[in-house]
Amino acid sequence: MTTSDRVLVYGAAGHTGRFVVDELVRRGLAPVLAGRSADRLDAMPPRHSGFDRRVVHLDDAAQLLRAVSGSGVVINCAGPFLDTALPLAGAAVEAGAHYLDVTAEQPAVQALYRELDAAARAAGVAVVPAMAFFGGLADLLLTAALQGESSADEVEVAIGLDRWWPTAGTRITGDRNTATRLVIRDGALTPVAARAPTRTWPYPAPLGTQPVVELPFSEVITIHQHLQVGDLRSYLNTAPLDDLHDGTTPPPPATDERGRSAQRFVVDVVDRRGSDTRSTTAVGRDIYAITAPIVVEGAVRLLDGRHHGAGARAPGAAFDAPDVLDAGGRRGRIRGASGPAPHGPTPASVIGDAVPAVREAFETSLAAGGAHGPLPSIPRHARVVGPVRSPKRRSYPAAGRA
């Protein structure tokens with residue numbers, strides 16, 4: 001395993017890649033910018049002009065190995081991950097570098113777990129796919145909520161977006177990823193129903209109650225990799241799917257100095273153990289932008305040793321989930337309390353000024369109750385989410401793409 005603190009970002013010129021590069025710089029690291037197109041790397045913003053650039057073609061194994069050699073961590077931001085994840089992660093492992101990516105694609109995560117776990121263990125490095133909004137965020141929230149326990153009878157993940165301005169990469173990945181999506185039933189990965197069920201979900205503000213469809217992403221695979229869950233259902237509200245499927249919907253428009261769009265998101269994670277049900281919620285802005293502080297937090301921890309060992313691992317297994325979620329507080333000023341919040345918003349922690357990207361883009365809330373006691377303190381505020389009502393179900397097409 002290399003001891004370098006260099007972080008190579010593959011797909012650095014892409015929409016998410018630029019957020020990741022900026023976040024690495026904010027954390028005091030000098031990224032290596034890599035990608036398939038020299039022209040796109042050359043066209044990156046002037047603020048990135050001083051960084052090393054490497055044009056990398058994944059079908060040239062020798063060139064790929066040379067490109068990643070000397071890096072401590074490789075972050076893959078370039079989909080479709082069905083095409084990029086294994087070659088890039090394999091080269092990283094061979095070069096003695098840790099690997100992270102931001103995939104929402106279930107088959108890509110499965111392939112990394114299957115193909116690289118033994119090699120990563122032998123090399124003493126970690127391979128952590130889906131350290132991102134899709135996949136990693138729900139995995140970390142659930143892991144933190146379980147308070148060291150490793151099982152739940154039932155888990156429901158409900159992702160809500162007020163709109164979706166898809167990137168070009170999102171559209172390309174959607175066309176490429178036609179695999180049948182998987183959920184967890186009776187403890188096993190199972191194909192989602194041919195006509196995916198729908199229901200309504202009571203999101204907090206700003207979304208409110210909305211119709212949702214069972215549409216699982218990579219969080220199902222990451223959660224199954226390290227937690228024992230009887231049944232897991234993962235939903236997305238249906239309104240942003242209209243944006244995604246409309247070919248005229250533009251890419252995300254920048255509305256602030258960091259390049260974030262005005263999109264708002266909610267991630268609800270509800271877990272049940274026996275008669276005890278609790279809910280954990282993350283609320284924030286721009287699903288692409290929020291991926292940057294999540295994956296870069298992982299990179300920093302892989303570099304400084306704050307991770308749980310080698311192998312192909314889920315985010316919640318690779319890292320201390322409550323600590324990752326509360327990282328902003330520990331880097332600045334923090335005050336907090338945790339526990340049951342019976343009557344709405346209650347202060348849980350304050351994220352320090354040192355991490356504005358997390359403080360402003362990642363507003364997290366949680367609610368706790370029942371026999372298992374307080375949940376860990378994680379950023380922003382605590383709130384109660386009531387028990388989820390039994391859904392009214394109807395049929396909905398279960399297409400491979402989102």
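If you read the sequence from its start, that first residue is 1, and numbering goes on from there. These numbers were taken from a predicted model, which means no experiment stands behind them.
Between Arg54 and Val68, the shortest heavy-atom distance links the atoms NH1-N, 4.5 Å. Of all heavy-atom pairs between Pro129 and Val127, the closest is CD-O, 3.5 Å. Of all heavy-atom pairs spanning Ala89 and Leu112, the tightest one is CB-CD2, 3.6 Å. When all heavy atoms are compared, the tightest approach of Ala108 to Leu82 is N-CD2, 3.9 Å.
Side chain of Ser4 to main chain of Gly70: a donor-acceptor pair is present (N/O by atom type, distance under 3.5 Å, no hydrogens or angles). Of the possible donor and acceptor atoms, one in the side chain of Tyr203 sits under 3.5 Å from a partner among the backbone N and O of Ile159. Looking at Arg40, its side chain does come within 3.5 Å of a backbone N or O of Ala13 through a donor-acceptor pair. Of the possible polar contacts, none joining the Arg176 side chain to the Pro80 backbone as a donor-acceptor pair under 3.5 Å is found. A donor-acceptor pair is defined here as one N or O able to donate and one able to accept, closer than 3.5 Å; no such pair exists between the side chain of Arg6 and the backbone of Gly72. In this structure, the side chain of Arg195 does not engage the main chain of Ala193 through any donor-acceptor pair within 3.5 Å. Looking only at distances, no side-chain donor or acceptor of Ser151 sits under 3.5 Å from a matching main-chain atom of Gln228. A distance-only check finds a donor-acceptor pair linking the side chain of Asp101 to the backbone of Ala130 [under 3.5 Å]. The backbone N or O of Arg264 lies less than 3.5 Å from a partner atom in the side chain of Asp162, making a donor-acceptor pair. A donor-acceptor pair under 3.5 Å is formed between the side chain of Gln63 and the backbone N or O of His57.
The only member of Leu227, Val270, Asp271 that meets side chain to side chain contact (heavy atoms under 4.5 Å, CB included) when paired with Val155 is Asp271. Under the salt bridge (Lys or Arg N to Asp or Glu O under 4.0 Å) rule, Glu156 has a single partner from Arg272, Arg233, Arg199, which is Arg199. Exactly one of His48, Arg27, Arg258 qualifies for a side-chain hydrogen bond (donor to acceptor under 3.5 Å, both in side chains) with Asp22. That residue is His48.
In terms of the side-chain contact (heavy atoms from CB on, under 4.5 Å) criterion, residue partners of Asp246 (sequence neighbours excluded) are, by chain and number, Thr248, Thr249. In this structure His15 satisfies the side-chain contact (heavy atoms from CB on, under 4.5 Å) test together with Phe19, Thr167, Pro252, Tyr288, sequence neighbours excluded. Residues satisfying the side-chain contact (heavy atoms from CB on, under 4.5 Å) test with His226, not counting sequence neighbours, are Asp139, Thr143, Ala314, Ala317. Applying the side-chain contact (heavy atoms from CB on, under 4.5 Å) test to Ser69 and every residue at least two apart in sequence or in another chain returns Leu65, Ala95.
Here OG1 of Thr277 is found 9.0 Å from CG of Asp153. Values are rounded to the nearest 0.5 Å. The distance from the CG atom of Leu64 to the CG atom of Asp59 is 9.5 Å, given to the nearest 0.5 Å. Note that CD of Glu154 and CZ of Arg273 are 14.0 Å apart. Values are rounded to the nearest 0.5 Å. How far CG of Leu182 is from CG of Leu232: 11.5 Å, rounded to the nearest 0.5 Å. Summarising the geometry, atom CG belonging to Leu325 is positioned 8.5 Å from atom CD1 belonging to Ile294; distances are rounded to the nearest 0.5 Å. Distance check: Glu219 CD to Leu140 CG gives 12.0 Å after rounding to the nearest 0.5 Å.
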Start with the C-alpha gap between Val102 and Phe81, add the side-chain angles, then the distance that decides, and say whether side chain to side chain contact (heavy atoms under 4.5 Å, CB included) holds. CA-CA 9 Å; Val102 298; Phe81 294 90; 3.7 Å; yes
Could you go through Arg185 and Glu214, starting from their C-alpha distance and side-chain angles, then the distance that decides it, and tell me whether this counts as salt bridge (Lys or Arg N to Asp or Glu O under 4.0 Å)? CA-CA 13 Å; Arg185 298 289 187 270; Glu214 191 166 14; 2.8 Å; yes
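With a 6.0 Å cutoff to the six-membered ring centre and a 45° limit on the axis angle, Arg306 does not count as a cation-pi contact of Phe319.
Residue pairs satisfying the salt bridge (Lys or Arg N to Asp or Glu O under 4.0 Å) criterion with at least one member in residues 102-121, sequence neighbours excluded, are listed as follows: Asp117-Arg121. Residues in residues 90-112 take part in these ring pair (Phe, Tyr, Trp, His ring centres under 6.0 Å) pairs, two or more places apart or across chains: His98-His307.
Remark: the Thr84 side chain and the Arg36 side chain contain no N/O donor-acceptor pair separated by less than 3.5 Å.
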